[in-house]
Structures are given as C-alpha cells and as structure tokens.
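Please read the structure below before turning to the comments.
Count residues from 1 along the sequence. The figures that follow rest on heavy atoms only: side chains count, while hydrogens, waters and symmetry mates do not.
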Amino acid sequence: MGKVVLVTGVARRLGGRFVRRIQREPDVARVIGVDAVAPEHHLGGAEFVRADIRHPAIGKLLAETGVDTVVHMDINGTPLGGRGSRTSVKETNVIGTMQLLGACQKAPSVKRLVVKSSTNVYGSAPRDPAVFTENTPPKSLPSGGFAKDAVEVEGYVRGFARRRPDVAVCVLRFANILGPCADSPLAEYFALPVLPTVIGYDPRLQFVHEEDAIEVLRIAASEPSRGVLNSGTFNIAGDGVLLLSQAARRLGRPTLPLLLPTLRWARTALRSVGITDFSPEQIRLLTHGRVVATDQMRETLGFEPRYTTAGAFADYARSRGPGLLPPETLARTVDRLAGLLPARGAVQS
C-alpha cells in the first residue's frame with residue numbers, strides 16, 4: 001500500500017501544479033485534492049473533492065480515505081480569481097486551518113502534516129534585524145491582513161504538534177513566490193506599468209521560484225532522506241536579494257516615488273479599479289523590505305533551490321514582456337547621460 005496524500009487549495013495554480021507533481025512519486029498511491037471551488041486546471045490522475053475546509057465535513061473525508069499525509073496549501077492573502085472578500089479569505093485561513101487540524105488530530109492514520117506559511121510572519125518594520133532566522137521574533141507582530149493570519153495559523157499548528165507528537169509537522173515559510181504562473185499580490189504589483197514606491201526607501205526583497213516551491217513541498221511531504229530532517233519550521237527563499245529599484249530597472253518599469261500618505265491613497269485607487277491588492281502589509285514590505293536566512297533549509301531540510309532570487313525574478317520578468325522602458329533602452333540612456341557629464345578630473349580642474 002502506498003501513501004494517501006490530501007492537498008488543500010488545489011483550485012489555485014500552485015496547488016494544482018503540486019498535485020500533478022506529487023502523483024509521480026513512486027511511494028504515492030492516491031492523491032486527493034480539496035477546495036471549495038472546482039479548479040479550472042487539470043489535476044492529472046488525482047481525485048478532486050469539492051469541500052470547504054471551514055466545515056466539519058473535512059473530518060469525515062479524512063476518516064473515510066485513510067489519509068496519512070496532509071499538505072495544507074489553502075492559506076492565502078487574496079481571494080481566488082478576485083472572487084470572495086478579505087473576510088472569507090481570513091475565515092478560510094484561520095477557521096479552515098482550525099477545522100483541518102481538528103480533523104487531523106482525530107484521524108489516527110495521519111502521520112505527516114505540511115503547512116505552506118509565509119515569511120510575512122516576521123512583518124516589516126524600520127528596526128527589523130538585517131536578516132531573520134526561524135527563531136528571530138518580530139519587532140512588532142502584524143496587526144492585520146494575511147501576515148496576522150499566518151501568525152495565527154502557525155500558532156494553531158504548534159498546538160497541534162504538541163497534541164499529536166507522533167505526527168511529523170513541517171512548516172514552510174515562503175518568501176514571495178514568483179514565476180511565469182505566479183498570481184500573488186506582489187506579482188500583480190510588478191505587472192503595473194508604473195510602480196508606486198515610497199520616497200526615500202529602497203527595500204531589499206527576496207523571491208522563491210514557483211518550481212522551487214513545488215519541489216520543497218514535495219521534499220516536505222516525503223519520507224526524509226538520509227542525513228536530513230523534514231520536520232520543523234524552515235525559511236524558503238532563493239539566494240541573494242534584489243533592491244526594489246533593481247527590480248524595476250530589470251522590468252523596464254518606471255517608478256513613481258510617493259510620500260507614504262499619498263501611497264496609501266494610491267492603494268485605495270488601485271483597489272477600486274481592480275488592478276491589484278495593494279494591502280497595508282505590502283506597503284510595509286515595499287518600505288522596509290525583509291530578508292531571511294536559509295541555512296536550515298539547506299543544512300536540515302536538505303533543499304537547494306535551483307533559482308536564486310535574481311533568477312526567479314528574471315524568469316518572472318521574461319514572462320511579462322518589456323515594460324515602458326525596456327532594460328536595454330534604459331541602460332543605453334543611462335550610458336548616454338553619463339557620457340554627457342564632465343569627467344571628475346575635469347570638474348576638479
């Protein structure tokens with residue numbers, strides 16, 4: 001008998017891709033995808049069960065199918081495809097996780113739990129450390145939005161781990177996921193023709209490629225290889241950082257530096273026309289940035305990303321096409337302007 005894997009949040013593209021990937025594992029006999037809405041993409045040979053994890057019916061599903069591995073990916077910052085509201089998203093994130101963990105606690109067949117979390121749990125504040133490790137407490141806890149949801153979810157997961165010490169629990173704190181199919185708020189932000197920024201700030205950002213995200217989820221859901229341990233909490237990000245200004249230049253997008261109050265007004269205007277979800281936590285990220293250490297990802301989990309932060313961003317940029325200022329044109333313009341300036345020695349003389 002092979003493993004029976006249940007995956008939540010399969011209506012989103014990342015969840016669907018993970019379902020198709022995990023089916024290829026030789027020790028996996030059955031994959032069950034769960035979501036409140038039917039996915040628009042195919043799930044390969046996986047079974048799809050339309051179920052809302054906020055309802056107790058999820059417990060019946062676990063009991064009837066004998067699931068031994070649960071991969072909880074239905075933790076998100078925005079409604080699926082623009083449907084629903086922030087309230088429904090929060091209920092799915094928090095209440096849905098509580099229901100799912102309660103069902104897992106009562107299901108003796110469950111032996112492994114993987115939770116897709118986010119580095120948003122660290123927040124973004126002016127006095128943050130240069131680099132967050134998994135054990136670094138945030139300077140100030142997130143006061144709302146998806147970041148607060150992620151903090152609450154991780155608290156419930158820790159409680160579950162204490163009640164079911166026989167279950168291997170793995171929490172993956174992902175940096176911003178990017179790639180050709182990325183549908184995150186930050187991906188939407190970088191798709192804008194002009195990027196609003198906070199005047200006087202150039203934050204450091206980290207990214208993880210969607211293919212790396214799928215691979216590390218696979219590793220977390222599998223039996224650990226020799227010499228590694230895939231239970232615990234891990235930061236997941238590509239090597240290196242990008243400044244927001246560097247990202248804008250590589251996209252060929254002009255920036256629009258604004259005072260913080262003006263940027264908050266721009267957030268309201270953007271949301272009103274449905275262009276992007278410019279949440280307060282995203283504004284904080286675009287002000288102060290966030291960088292996490294990934295030593296445990298390599299040394300304990302045994303995962304080495306294929307893409308660096310710059311590589312993940314480059315693949316995303318290629319999928320979006322040239323901006324208003326193509327990078328080659330922007331580089332030539334900068335060189336031309338530099339050529340028109342007098343040499344430093346000539347100025348001094």
Side-chain angles (χ1 to χ4, degrees), residues 9-22 39-44 73 76-83 116 118-120 146 172 174-197 203-218 236-256 270-271 273-279 282 285-286 289-290 303-332:
V10 299
R12 293 180 186 262
R13 280 183 266 184
L14 189 69
R17 291 185 63 184
F18 174 71
V19 163
R20 295 192 294 272
R21 174 62 185 88
I22 198 68
E40 296 179 355
H41 42 258
H42 71 91
L43 299 178
M73 299 182 64
N76 301 283
T78 55
L80 178 63
R83 297 189 295 267
K116 172 184 165 285
S118 168
T119 56
N120 279 324
F146 174 59
L172 302 175
F174 286 97
N176 295 285
I177 298 174
L178 283 184
C181 299
D183 57 359
S184 65
L186 198 62
E188 293 180 359
Y189 166 77
F190 282 127
L192 293 172
V194 178
L195 304 182
T197 61
R204 299 176 303 153
L205 304 173
Q206 279 179 312
F207 307 114
V208 56
H209 196 280
E210 55 197 8
E211 290 183 9
D212 284 328
I214 291 167
E215 178 60 15
V216 75
L217 284 162
R218 183 198 65 80
I236 308 297
D239 280 346
V241 300
L242 271 182
L243 296 175
L244 180 56
S245 60
Q246 292 175 315
R249 286 196 297 271
R250 295 180 189 196
L251 280 170
R253 302 281 197 272
T255 59
L256 179 62
L270 288 168
R271 292 185 68 178
V273 297
I275 293 179
T276 188
D277 176 37
F278 215 50
S279 64
Q282 187 165 321
L285 176 67
L286 296 175
R290 185 189 308 118
F303 174 64
E304 186 72 35
R306 287 179 52 203
Y307 292 83
T308 63
T309 283
F313 189 81
D315 199 33
Y316 165 82
R318 280 191 293 271
S319 71
R320 298 290 167 166
L324 296 176
L325 300 174
E328 298 80 6
T329 304
L330 188 60
R332 288 196 298 269

**OP:** Give the minimum heavy-atom separation between L195 and A248, together with the two atoms involved.
**Re:** CD1-CB, 3.8 Å
Subject >> Between CG on residue L242 and CZ on residue R204, distance to nearest 0.5 Å >> reply: 12.0 Å
**OP:** Please determine which of H41, R12, E211 meets the side chain to side chain contact (heavy atoms under 4.5 Å, CB included) test together with R17.
**Re:** E211
Original post:
For A187, which residues count as a side-chain contact (heavy atoms from CB on, under 4.5 Å) partner, sequence neighbours excluded?
Top reply: L178, A182, S184, Y316, R320
**OP:** Answer whether the closest heavy-atom distance between the side chains of C181 and E210 falls below 4.5 Å.
**Re:** yes
Original post:
Can you tell if the side chain of L244 reaches within under 4.5 Å of the side chain of F190, non-hydrogen atoms only?
Top reply: yes
**OP:** Using side chain to side chain donor-acceptor pair (under 3.5 Å) as the criterion, list what pairs up with S245, not counting sequence neighbours.
**Re:** D202
Original post:
Counting only N and O atoms by type, is there a donor-acceptor contact under 3.5 Å from the side chain of R253 to the main-chain atoms of L192?
Top reply: yes
Subject >> Steps toward side chain to side chain contact (heavy atoms under 4.5 Å, CB included) verdict (F303, D212) >> reply: CA-CA 9 Å; F303 174 64; D212 284 328; 3.9 Å; yes
**OP:** Walk me through it: do F313 and Y307 pass the test ring pair (Phe, Tyr, Trp, His ring centres under 6.0 Å)?
**Re:** CA-CA 9 Å; F313 189 81; Y307 292 83; over 10 Å; no
Original post:
If only atom types and distance count, is the side chain of T309 paired as donor or acceptor with the main-chain N or O of Q206 below 3.5 Å?
Top reply: no
Original post:
Are any non-hydrogen side-chain atoms of L285 and N120 less than 4.5 angstrom apart?
Top reply: no
**OP:** With rounding to the nearest 0.5 Å, note down the distance linking CD1 in I214 to NE2 in H209.
**Re:** 9.5 Å
Original post:
Quick one: does V241's side chain get under 4.5 Å of L205's, heavy atoms only?
Top reply: no
Original post:
Side chains of E215 and R21: closer than 4.5 Å at any heavy-atom pair?
Top reply: yes
Subject >> Expected output: side-chain T308 to main-chain G238 donor-acceptor under 3.5 Å >> reply: no
